[in-house]
Amino acid sequence: YCPGPKCTGPSSPYAGGHGLTRSGTRPEKGVTVACERALLGRWVDISGVGVRLCEDTGSAIGPGRVDIFVLDHNQALTLGVLRTRMQVYR
């Protein structure tokens, strides 16, 4: 997902929103993913992507799914859906 309104809706800084994640941080490329609420604050290792921090949630994010933060909408579309393994760290 990206910081634009197509991905983050009214919380987007481009739509006058605060631009913060559910955990209150600014999302960072290479760090932030959206995940189910139970995983907030936990690190996950996504096969083929790397280790990321669950800092956000999303309406379409349920168990076993994450949404990787990228800088723009075209990157989000290019990344698309990736079916892979993920390890959750405690």
Side-chain angles (χ1 to χ4, degrees):
Y1 74 106
C2 73
K6 287 183 180 179
C7 290
T8 59
S11 68
S12 168
Y14 304 110
H18 53 71
L20 300 176
T21 65
R22 169 71 68 179
S23 59
T25 62
R26 295 235 179 258
E28 294 181 58
K29 179 182 177 188
V31 176
T32 303
V33 294
C35 57
E36 63 181 292
R37 283 182 192 240
L39 298 181
L40 275 176
R42 309 246 320 255
W43 290 92
V44 295
D45 189 353
I46 305 165
S47 182
V49 175
V51 177
R52 302 290 189 270
L53 179 60
C54 292
E55 296 183 286
D56 209 356
T57 59
S59 59
I61 307 299
R65 298 188 73 162
V66 296
D67 205 354
I68 300 166
F69 180 78
V70 294
L71 295 179
D72 67 56
H73 196 67
N74 286 334
Q75 284 181 306
L77 294 176
T78 300
L79 186 58
V81 175
L82 176 65
R83 297 193 187 285
T84 189
R85 293 187 161 283
M86 175 178 79
Q87 175 158 354
V88 179
Y89 296 109
R90 301 221 174 255

Checklist entry - Rounded to the nearest 0.5 Å, how far apart are CZ of Arg22 and SG of Cys35? => result 11.0 Å
Return a table of donor-acceptor pairs under 3.5 angstrom between the side chains of residues 60-82 and protein atoms on other chains or two or more places apart.
from: Asp67; atom 1: OD1; to: Tyr1; atom 2: N; distance (Å): 3.2
from: Asp72; atom 1: OD1; to: Asn74; atom 2: N; distance (Å): 3.0
from: Asp72; atom 1: OD1; to: Gln75; atom 2: N; distance (Å): 2.8
from: Gln75; atom 1: OE1; to: Leu71; atom 2: N; distance (Å): 3.1
from: Gln75; atom 1: OE1; to: Asp72; atom 2: N; distance (Å): 3.2
from: Thr78; atom 1: OG1; to: Asn74; atom 2: O; distance (Å): 2.9

Checklist entry - Between Val31 and Tyr89, is there a shared hydrophobic cluster once you connect ILVMFWY residues whose side-chain heavy atoms come closer than 4.5 Å? => result yes
Next on the checklist: If you compare all heavy atoms of Thr57 against all heavy atoms of Arg37, which two are closest, and at what distance to 0.1 Å?
Outcome noted: CG2-CG, 3.7 Å
Checklist outcome for this item: One should read off an interatomic distance between Arg85 CZ and Ile46 CD1, to the nearest 0.5 angstrom, of 14.0 Å
Checklist outcome for this item: Of all heavy-atom pairs linking Pro13 and Gly19, the shortest is CD-CA, 3.7 Å
Checklist entry - Any idea which heavy atoms bring Cys54 and Leu39 closest together, and the distance? => result CB-O, 3.2 Å
Checklist entry - Can you name the side chain to side chain donor-acceptor pair (under 3.5 Å) partners of Ser12, sequence neighbours left out? => result none
Checklist entry - Can you name the side chain to side chain donor-acceptor pair (under 3.5 Å) partners of Arg26, sequence neighbours left out? => result none
Next on the checklist: Measuring from atom OH of Tyr14 to atom SG of Cys2, what distance do you get when rounded to the nearest 0.5 angstrom?
Outcome noted: 8.0 Å
Next on the checklist: Any non-hydrogen side-chain atom of Val33 less than 4.5 Å from a side-chain atom of Val44?
Outcome noted: yes
Next on the checklist: For a side chain to side chain contact (heavy atoms under 4.5 Å, CB included) check, start with the C-alpha distance between Glu28 and Leu53, then their side-chain angles and the critical distance, and finish with the verdict.
Outcome noted: CA-CA 10 Å; Glu28 294 181 58; Leu53 179 60; over 6 Å; no
Checklist entry - Between Thr84 and Met86, is a side chain to side chain contact (heavy atoms under 4.5 Å, CB included) present by the stated rule, with each step listed? => result CA-CA 7 Å; Thr84 189; Met86 175 178 79; 6.0 Å; no
Next on the checklist: Taking Pro3's backbone N and O only, do any of them form a donor-acceptor pair with Thr8's side chain (distance below 3.5 Å, no angle check)?
Outcome noted: yes
Checklist entry - Do side-chain atoms of Thr21 reach the backbone of Asp56 as a donor and acceptor pair under 3.5 angstrom? => result no
